[in-house]
Amino acid sequence: MNKYLRSLLVGALILVAVLYLMLPRYHQHTRPQEISYSDFLDKARSGQIIQVTVDDGGVSGQLKDGHSFRVYVPARDLSYIALLQSKGVTITVAPSSRSSPWSSLLEMLLPFLLLVGLWMLMLRQAQPGSNPVMSFGKSRARLHTEAKTRVTFDDVAGIDEAKEELEEIIEFLRHPKKYQALGAKIPRGVLLVGPPGGGKTLLAKAIAGEAGVPFFSISGSEFVEMFVGVGAARVRNLFDQAKKSAPCLVFIDEVDAAGRQRGAGFGGGNDEREQTLNQLLVEMDGFDPNSGIIVIAATNRPDILDAALLRPGRFDRRIVVDNPDTKGRRAILDVHVRGKPIGADVNLDVLARRTPGFSGADLANMVNEAALLTARRGKTRIGMPEFDEAIERVIAGPQRKSRILSPKERELTAYHEGGHALLGKLVPQANPPHKVTILPRGMALGYVIQLAQEEKYTLTRAEILASITVMLGGRTAEEIVFGEITTSAANDFEKTTELARKMVTEFGMSANLGPLTLGTEHRPVFLGRDLFESQNYSDEIAYEIDKEVRRIIDECYSRARQVLTEHKEALVRIAKTLLERESLQGDELDVLIAGQLLPPAIPALASSTPSLALRVATSASRPEKSIPPALKPRLQG
């Protein structure tokens, strides 16, 4: 507050000075009445003048009636002096007021210069962080200290390997002689790689709280501006600040904004982004080594980073921050429920098993949603039903109670979802359904949640074919029961086609085409890799790919139709029960498939639905590649 008051006071003083200098010019409009020389002589002869002041510009004086006057007299005529003396008028001679042209010019320009200074001061205060107007080249990195950063490694869970790697770097900064005695050199840079929400930025915050050395943080997008050369200047300024504070840590979040591959932009070698990258390369490992400066960067797109940035000597270590496993999710839940009133019925081990594939951000969102639901329901402790509902909200979105389906649409949806659920139970190596419902949630009119028996990082050919078969169960059920098809299977077809094409072109699972990768990934970086697809095969091979994709989907469709036709009675029982209860759990589906009926639902418990999980952890060995749809959330709509 004192800074703003001081600036306000300076501005007020400048304004007062401007008004003071402009005041004489204002008085020029209120000067004494000018009279002619003849009137002046008449008034002097008649004795009306009391006193006069003679200066370079003429004569000014005062009459007996109190009025003031001013008259311009001839330069060489001094006869009026004798006349005034004869009448007893007091005569005063003013000193010469002639000034040089330079002083007159300065007097004229000074008010404008003061106004410009006031305007510059106001612009300076309007700049973010009170930076000067022309300080484009200064780095916007923020300096963090232990007192300001409250996040420590105790707040980071589920990524123990990444913590160990970074703890070693912090240990080197604290006790460098221990490593120098063995001839060891600390890595110049550490690159944190992983999917969004994995905890890369949280790790950086924990480093700031644990390091005990200056910690500078900046985003990659803060380097690049519309003016060429500004990004490179900011990189130089950042490392200049770091050199003065060495040993220290520099964290660059979303480094891909400034470190994309060179040579692919419209500007060529003079592109602003490339100049920024070039300066970053020089600062990290040039002829002037920055000893004691460790750069930590985070990105979820390492595939678009420049190769020179990733080589040893710049980013010596690449640490994968992947989605946690069951043990990691349990540890993350412990962190997020800390300080929250948790009910006695909550079992965090169960929640960890039911949320495979959830990232740290997903788990944090789930706990927060459960707390919000608890407050909305007027409870004082977060119970298991709230966590169950929160998991569904994270996965599929909030329930849409306002979407009311017609009886015909409800029946179609029940058989559609029943087809998915029945195939999930009967097709070998398919993920069994954990829950099936016809309650609209998010964009889906109904959905089936499949829960894998264990977390998997690879899939077999049989498992992928089983997944495609289950996806086709909705359309097949509609055709078998109603003899008609609807538009509700559009998303199912999109996923099955994509997965079948990946089997042929990426996974090498086609008997006709063999173990080949068909299609390259060398695409323009700045224009977006998804806009262009390089084809490294002939048109004949493209035709064979289309035939293989068609054959896989046709075989899975025939398999789904055969299974549902043989178990049509079970399909009808599931659909009718869904129309009555709206939601079914996995064990209830087993009862219906066995030919038995469920006991009547208890209304008080009808709103309480067990929790679910619809993702499994993905491989982090190549995070830049899109993961197979079979590893993505299994939500059949």
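No hydrogens, no waters, no symmetry mates; every other heavy atom, side chains included, goes into these values. One-based numbering along the sequence shown.
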Salt bridge (Lys or Arg N to Asp or Glu O under 4.0 Å) assessment of Lys205 paired with Asp155: CA-CA 10 Å; Lys205 293 179 180 178; Asp155 301 311; over 6 Å; no
Steps toward side-chain contact (heavy atoms from CB on, under 4.5 Å) verdict (Leu166, Ile319): CA-CA 9 Å; Leu166 295 173; Ile319 300 177; 4.1 Å; yes
CA sep, side-chain torsions, deciding dist, call: Val193, Asn300, side-chain contact (heavy atoms from CB on, under 4.5 Å): CA-CA 6 Å; Val193 178; Asn300 51 25; over 6 Å; no
Criterion side-chain contact (heavy atoms from CB on, under 4.5 Å) on Ile382 and Val346, from CA distance to verdict: CA-CA 8 Å; Ile382 308 175; Val346 175; 5.6 Å; no
Test side-chain contact (heavy atoms from CB on, under 4.5 Å) applied to Met284 and Leu309, step by step: CA-CA 9 Å; Met284 290 189 67; Leu309 193 64; 4.1 Å; yes
Worked verdict on Arg330 versus Asp349 for salt bridge (Lys or Arg N to Asp or Glu O under 4.0 Å): CA-CA 6 Å; Arg330 178 63 171 83; Asp349 292 322; 2.6 Å; yes
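Interatomic distance, Leu423 CG to Thr469 OG1, rounded to the nearest 0.5 Å: 7.5 Å. Between the CZ atom in Arg236 and the OG1 atom in Thr276 there is a gap of 9.5 Å [rounded to 0.5 Å]. Atoms CG and CD, from Leu518 and Glu548 in turn, are 10.5 Å apart once rounded to the nearest 0.5 Å. Atom CG in Leu281 sits 6.5 Å away from atom CG in Asp306 (nearest 0.5 Å). From Met471, atom CE reaches atom CD of Glu494 across 11.0 Å, with rounding to the nearest 0.5 Å. Between atom CZ of residue Arg234 and atom CD of residue Gln279 there is a gap of 14.0 Å, rounded to the nearest 0.5 Å.
The side chain to side chain contact (heavy atoms under 4.5 Å, CB included) test applied to Leu465 returns Arg461, Met503, Ile552, Cys556, not counting sequence neighbours. Applying the side chain to side chain contact (heavy atoms under 4.5 Å, CB included) rule to Pro187 yields the partners Asp316, Arg317; only residues at least two apart in sequence or on another chain are considered. Judged as a side chain to side chain contact (heavy atoms under 4.5 Å, CB included), and not counting sequence neighbours, the contacts of Asp240 are Lys243.
A ring-ring contact (aromatic ring centres under 6.0 Å, His included) check over residues 173-199, counting only residues at least two apart or in different chains, returns the pairs Phe172-Tyr179. Residue pairs meeting the ring-ring contact (aromatic ring centres under 6.0 Å, His included) criterion with at least one member in residues 293-321, sequence neighbours excluded, do not occur.
Side-chain contact between Met384 and Asp388 is present, with at least one heavy-atom pair separated by less than 4.5 Å. Residues Ile449 and Ile395 are not in side-chain contact: their nearest non-hydrogen atoms beyond the backbone lie 4.5 Å or more apart. A 4.5 Å side-chain heavy-atom check between Ile464 and Phe507 finds at least one atom pair inside the cut-off. Considering only heavy atoms from C-beta on, Ile207 stays 4.5 Å or farther from Ile169 through its side chain. Put simply, the side chain of His434 does not reach to within 4.5 Å of the side chain of Gln450, judged on heavy atoms. Annotation: side chain of Asp322 is in contact with side chain of Pro195 (closest heavy-atom distance under 4.5 Å). At least one side-chain heavy atom of Leu238 sits under 4.5 Å from a side-chain heavy atom of Ile218. Counting heavy atoms from C-beta outward, Tyr537 and Ile545 have side chains that approach closer than 4.5 Å.
When atom types are taken as modelled, the side chain of Asn323 and the backbone of Phe358 share no donor-acceptor pair closer than 3.5 angstrom. Between the Asp362 side chain and the Ser359 main chain, a donor and an acceptor come within less than 3.5 Å of each other. Side-chain N or O atoms of Arg381 include one that pairs as donor or acceptor with a backbone N or O of Ile342 at under 3.5 Å. Counting only distance, with no hydrogens or angles, the side chain of Arg329 and the backbone of Gly158 share no donor-acceptor pair below 3.5 Å. Between the side chain of Asn278 and the backbone N or O of Glu274, at least one donor-acceptor pair lies under 3.5 Å. With Thr374 contributing its side chain and Ala370 its backbone, the two residues share a donor-acceptor pair below 3.5 Å. Remark: side-chain polar atoms of Gln261 are paired, donor with acceptor, to backbone N or O of Asp303 under 3.5 angstrom. Looking at His420, its side chain does come within 3.5 Å of a backbone N or O of Val470 through a donor-acceptor pair. Counting only distance, with no hydrogens or angles, the side chain of Asp325 and the backbone of Gly328 share a donor-acceptor pair below 3.5 Å. In this structure, the side chain of Lys435 does not engage the main chain of Gly586 through any donor-acceptor pair within 3.5 Å.
The shortest heavy-atom contact between Gly194 and Lys200 is O-NZ, 3.2 Å. Considering all non-hydrogen atoms of both residues, Thr460 and Gln429 come closest at OG1-OE1, 3.9 Å. Across all non-hydrogen atoms, the minimal contact from Val394 to Asn365 is CG2-ND2, 3.9 Å. In terms of heavy-atom proximity, Val549 sits nearest to Arg501 at CG2-CA, 3.8 Å. Listed here is the closest heavy atom pair of Glu417 and Thr437: CG-O, 4.0 Å. The minimum heavy-atom distance linking Ala242 with Phe216 is given by the pair CA-CE1, 4.0 Å.
Between Glu167 and Lys163, no side-chain nitrogen of the basic residue sits less than 4.0 Å from a carboxylate oxygen of the acidic one, so the salt-bridge criterion is not met. A salt bridge is absent between Glu386 and Lys340; no separation between the charged side-chain nitrogens and carboxylate oxygens falls under 4.0 Å.
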Donor-acceptor contacts under 3.5 Å from residues 248-255 side chains, at least two apart:
unit_1 : atom_1 : unit_2 : atom_2 : d
Asp253 : OD2    : Thr201 : OG1    : 3.4

